[in-house]
Trainee: 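Quick one: structure below, then a few questions.
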Amino acid sequence: MMDNPSDTFVPDREMIDAVAEWNARRPQDRVRRALIPTLCERFGITNKQAIEVLRAATLRRRRAA
């Protein structure tokens, strides 16, 4: 099923930076507070949108390497 073009979600820089902040945490802190629920709560987005944020952050990190 195709998404409606009006439903297109584009992660913003603050969201992508939040992923980098989460990755910078100590491993035990990451286990206590999972990334996807953290993004959903912080930005009021859905799980699907949080996954898009994670994908965008991963792409940005790969381009920077």
Side-chain angles (χ1 to χ4, degrees):
M1 183 170 142
M2 299 283 295
D3 287 341
N4 184 342
S6 64
D7 294 337
T8 301
F9 173 76
V10 178
D12 65 27
R13 183 176 197 90
E14 182 182 1
M15 293 173 179
I16 293 170
D17 289 346
V19 175
E21 292 168 11
W22 186 87
N23 282 323
R25 294 178 179 179
R26 296 182 318 207
Q28 54 269 47
D29 291 338
R30 286 185 261 162
V31 169
R32 283 188 217 125
R33 188 70 180 147
L35 177 58
I36 298 299
T38 299
L39 292 172
C40 291
E41 183 180 302
R42 180 171 172 183
F43 298 106
I45 59 177
T46 66
N47 285 340
K48 183 177 178 183
Q49 291 168 328
I51 291 167
E52 288 302 316
V53 172
L54 180 56
R55 287 180 179 153
T58 301
L59 181 60
R60 183 173 100 175
R61 188 174 61 228
R62 285 183 183 162
R63 286 180 179 166

Trainee: Apply the test side-chain contact (heavy atoms from CB on, under 4.5 Å) to residues D17 and R60: give CA-CA distance (whole Å), side-chain angles for both, the deciding distance (0.1 Å), then the verdict.
Mentor: CA-CA 10 Å; D17 289 346; R60 183 173 100 175; 2.9 Å; yes

Trainee: To the nearest 0.5 Å, tell me how far T58 OG1 sits from L54 CG.
Mentor: 4.5 Å

Trainee: Starting from I16, can I reach I36 by hopping between I/L/V/M/F/W/Y residues whose side chains sit under 4.5 Å apart?
Mentor: no

Trainee: Could you state whether F9 and F43 fall into the same hydrophobic cluster, counting links through intermediate Ile, Leu, Val, Met, Phe, Trp or Tyr residues with side-chain heavy atoms under 4.5 angstrom apart?
Mentor: yes

Trainee: Report the distance from atom CD1 of I45 to atom CD of E52, rounding to the nearest 0.5 Å.
Mentor: 10.0 Å

Trainee: Hey, mind stepping through R42 and W22 against side-chain contact (heavy atoms from CB on, under 4.5 Å) and telling me if it holds?
Mentor: CA-CA 12 Å; R42 180 171 172 183; W22 186 87; over 6 Å; no

Trainee: Can you name the nearest heavy-atom pair linking R33 to T38, along with the distance?
Mentor: CG-OG1, 3.1 Å

Trainee: The test is side-chain contact (heavy atoms from CB on, under 4.5 Å); show your working for R32 and R25 and say whether it passes.
Mentor: CA-CA 11 Å; R32 283 188 217 125; R25 294 178 179 179; over 6 Å; no

Trainee: What closest approach, in Å, do A50 and L39 show between heavy atoms, and which atom pair accounts for it?
Mentor: O-CD1, 3.9 Å

